[in-house]
There are 2 protein chains.
Amino acid sequence: MKSIRAIVEEEGISLTPQRLAIIDFMEGNRTHPTVDEIYQDVKSMYPTISKATVYSTMQLLCELGAVQELSIRKRGEACFDPRENKHQHFLCRKCNRVIDISVDLYDEEDIIKAIDSRGHRVEDVHSYFYGVCSDCIQSK
Amino acid sequence: MKSIRAIVEEEGISLTPQRLAIIDFMEGNRTHPTVDEIYQDVKSMYPTISKATVYSTMQLLCELGAVQELSIRKRGEACFDPRENKHQHFLCRKCNRVIDISVDLYDEEDIIKAIDSRGHRVEDVHSYFYGVCSDCIQSK
DNA sequence: TACTGATTTGTAATCATTATAATATTGTAA
DNA sequence: TTACAATATTATAATGATTACAAATCAGTA
């Protein structure tokens with residue numbers, strides 16, 4: 001899997017110290033941090049960074065496909081995930097953690113079984129498909 | 001499939017005129033309305049209704065399992081769906097519509113094929129699993 | 001070194017949602 | 001029917017994430 005930094009460098013996008021600090025924090029990160037969590041962490045190394053920079057950098061990384069924005073937290077903040085090997089996301093409604101489930105499965109029922117077999121309890125599944133609808137493809 | 005109204009009545013919850021107007025609008029509704037869209041529609045019949053009432057009623061209907069809250073719109077508003085037969089949700093990034101895909105399938109790749117076969121183009125899939133994690137089950 | 005464009009910063013604005021408190025309505029018991 | 005308590009509704013204020021914006025800074029190049 002290509003690193004976030006490698007993807008950014010390949011695109012010829014300038015690696016400012018702020019961006020580098022954010023990328024370093026995200027690289028291999030499995031905690032699914034929110035913008036505020038990224039901001040708090042980077043600020044300790046780089047005290048003058050602004051939250052607006054975190055927003056713009058995360059948007060950039062999403063556009064490059066280097067990270068993924070998750071909207072798993074209902075009515076809450078976005079959180080981010082480096083795009084790595086196929087895995088699923090499980091949100092615990094008690095402790096509010098987003099837990100990676102590393103399975104290479106595509107069938108919802110198989111995935112639920114895999115999550116259950118790790119000792120968790122699945123109560124709900126939301127699957128969202130994104131793209132372009134037939135009307136918009138035609139009226140292009 | 002049980003109607004929203006039937007579910008509410010079974011629970012012995014009082015059917016105020018405001019709730020009834022909201023339920024009537026949601027019953028069989030396939031447009032996945034947001035709170036504001038529900039509010040605008042109901043207001044035309046019931047001009048004094050408050051948006052706070054729409055919020056509280058939608059929360060009630062969700063708790064009863066009569067409707068489902070979707071967070072398919074990234075960084076956007078919640079939208080709602082009467083709980084009916086199994087189907088999938090497809091968001092068009094151009095026209096911003098949420099389109100129901102009526103399939104009784106559980107395999108992501110099969111679902112994508114079904115959506116494609118209707119002339120749409122799927123670009124991304126987000127599947128979110130919700131429940132209680134093993135740590136929280138144990139430390140109960 | 002000077003200049004141009006991109007980036008960062010801090011702040012203000014926006015927008016959905018939640019909280020709150022006053023008012024109105026409902027259901028129930030006398 | 002009347003009175004009362006519990007519940008629901010309303011309007012408004014508060015919150016919190018995100019976006020917009022303009023000024024200041026920085027990077028790369030002629």
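Labels below follow one simple rule: chain letters A, B, ... track the order of the sequence lines, proteins then strands, and each chain is numbered from 1.
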- Task: Would you mind building the protein contact string for nucleotides 5-22 of chain C? One character per nucleotide, 5' to 3', B for base within reach (heavy atoms under 4.0 Å), S for sugar-phosphate only, - for untouched.
- Result: --SSBB-----SBB----

- Task: Please check if the distance between the ring centroids of B/F90 and B/H120 is under 6.0 Å.
- Result: yes

- Starting from C1' on D/dT18, measure out to OH on A/Y39 and report it in whole angstrom. 15 Å

- Message: From CD1 of A/I38 over to C1' of D/dT18, roughly how many Å is that when rounded to an integer?
- Response: 14 Å

- OH of A/Y128 to CG of B/L70, rounded to nearest 0.5 Å, is 5.0 Å

- Query: Would the A/H89 and B/H126 ring centres measure less than 6.0 Å apart?
  - Reply: no

- Query: Under the 3.5 angstrom rule, does the side chain of A/D41 hit a backbone N or O of A/E37 as a donor-acceptor pair?
  - Reply: no

- Query: Is the backbone of A/I49 close enough, under 3.5 Å, to the side chain of A/T53 for a donor and an acceptor to pair up by distance?
  - Reply: no

